[in-house]
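Predicted model only: the values in this text are computed from it and were never measured.
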Amino acid sequence: MSHVQRPGTTGRPIPVTEWIVAATGAVLVAGTIGYLVYLALSRDEGPPDLRITAAGVVELPDGWLVRFRAVNAGAQAAVQLQVEGVLAGPDGAIETAEATIDYLPPRSEREGGLIFSRDPRRHELRLRAEGYALP
């Protein structure tokens with residue numbers, strides 16, 4: 001194995017494997033910094049792009065839980081996101097439930113739940129983002 005002598009020392013030479021490991025670490029750190037700079041400079045400043053979808057229904061002792069997933073595909077965060085769920089029948093809204101998601105970062109998702117007194121599987125369930133604030 002080839003060795004490189006440390007400058008200004010008469011001690012043990014630095015093995016080539018240590019140089020390879022050090023160079024690999026330097027490349028990884030430089031790549032990470034470059035990627036973070038790229039993200040910072042290429043940020044799209046569009047509004048949050050919110051989607052609410054049902055993720056399942058669970059029967060509770062005193063009602064029904066509708067699990068939902070809130071997805072923010074946009075480049076800006078949403079805070080105090082109001083999620084509304086409406087059970088609708090032929091004559092209109094039967095029951096409404098609301099939940100708040102404190103913080104939904106850009107390009108991320110959170111889960112939550114809405115509680116109804118009626119079985120959501122027997123009615124039309126409508127989920128929507130009702131409003132949010134910008135951080």
> Applying side chain to side chain contact (heavy atoms under 4.5 Å, CB included), name anything that partners Pro135, two or more places apart in sequence or on another chain.
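Here the qualifying residues are Ala77, Val79.
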
> Can you sort out the partners of Ile20 under side chain to side chain contact (heavy atoms under 4.5 Å, CB included), two or more places apart, ordered by chain and number?
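Ile20 satisfies side chain to side chain contact (heavy atoms under 4.5 Å, CB included) with Val16, Thr24 only.
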
> Once salt bridge (Lys or Arg N to Asp or Glu O under 4.0 Å) is applied, do any residues pair with Asp49, and if so which ones, sequence neighbours excluded?
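Partners of Asp49 under the salt bridge (Lys or Arg N to Asp or Glu O under 4.0 Å) test: Arg51.
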
> Report the residues that fulfil side-chain hydrogen bond (donor to acceptor under 3.5 Å, both in side chains) with Thr53, sequence neighbours left out, ordered by chain and then residue number.
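Once residues adjacent in sequence are excluded, Thr53 has no partner under the side-chain hydrogen bond (donor to acceptor under 3.5 Å, both in side chains) criterion.
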
> Excluding sequence neighbours, so at least two apart, what forms side chain to side chain contact (heavy atoms under 4.5 Å, CB included) with Pro105?
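Testing Pro105 for side chain to side chain contact (heavy atoms under 4.5 Å, CB included), a comparison that skips the adjacent residues, returns Tyr103, Ser108, Arg110.
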
> Going only through I, L, V, M, F, W and Y residues with side-chain contacts under 4.5 Å, is there a path from Leu104 to Leu114?
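Per the 4.5 Å side-chain linkage, Leu104 and Leu114 are co-clustered.
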
> Give the intermediate values and the outcome of side chain to side chain contact (heavy atoms under 4.5 Å, CB included) for residues Thr100 and Val83.
CA-CA 6 Å; Thr100 302; Val83 176; over 6 Å; no

> Measuring only between side-chain heavy atoms, which start at C-beta, is Asn72 closer than 4.5 Å to Arg107?
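Side-chain contact under 4.5 Å: no.
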
> What are the two closest non-hydrogen atoms of Pro106 and Gly74, and how far apart are they?
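In terms of heavy atoms, the two residues are closest at CB-O, 3.4 Å.
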
> Within the structure provided, determine whether Phe116 and Leu125 are in side-chain contact (heavy-atom separation under 4.5 Å).
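With C-beta onward as the side chain, the pair touches.
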
> Kindly give the cluster partners of Val21, where membership spreads through any ILVMFWY side chain lying under 4.5 Å from a current member.
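Members other than Val21 - counting any ILVMFWY side chain reachable under 4.5 Å - there are none.
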
> Can you tell me which residue pairs pass the salt bridge (Lys or Arg N to Asp or Glu O under 4.0 Å) test with a partner in residues 86-103, sequence neighbours excluded?
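Non-adjacent pairs meeting salt bridge (Lys or Arg N to Asp or Glu O under 4.0 Å): Glu95-Arg118.
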
> Should Val57 and Ile52 be counted in the same cluster of Ile, Leu, Val, Met, Phe, Trp and Tyr side chains packed under 4.5 Å apart?
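Result: yes, single cluster for both.
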
> Throw together a table of side-chain donor-acceptor distances under 3.5 angstrom for residues 59-69, partners on residues two or more places apart or in other chains.
| residue | atom | partner | partner atom | Å |
| --- | --- | --- | --- | --- |
| Arg69 | NE | Glu109 | OE2 | 3.1 |
| Arg69 | NH2 | Glu111 | OE2 | 2.9 |

> Once salt bridge (Lys or Arg N to Asp or Glu O under 4.0 Å) is applied, what residue pairs with a partner in residues 124-135 remain, sequence neighbours excluded?
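For residues 124-135: Glu84-Arg128, Glu124-Arg126, Arg128-Glu130.
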
> Starting from Val71, can I reach Leu127 by hopping between I/L/V/M/F/W/Y residues whose side chains sit under 4.5 Å apart?
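Leu127 does not cluster with Val71.
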
> If two hydrophobic side chains count as joined below 4.5 Å and joins carry through other members, does Leu81 share a cluster with Leu134?
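Both belong to a single hydrophobic cluster.
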
> Under the salt bridge (Lys or Arg N to Asp or Glu O under 4.0 Å) definition, can you give me all pairs with a residue in residues 72-83, not counting sequence neighbours?
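For residues 72-83: none.
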
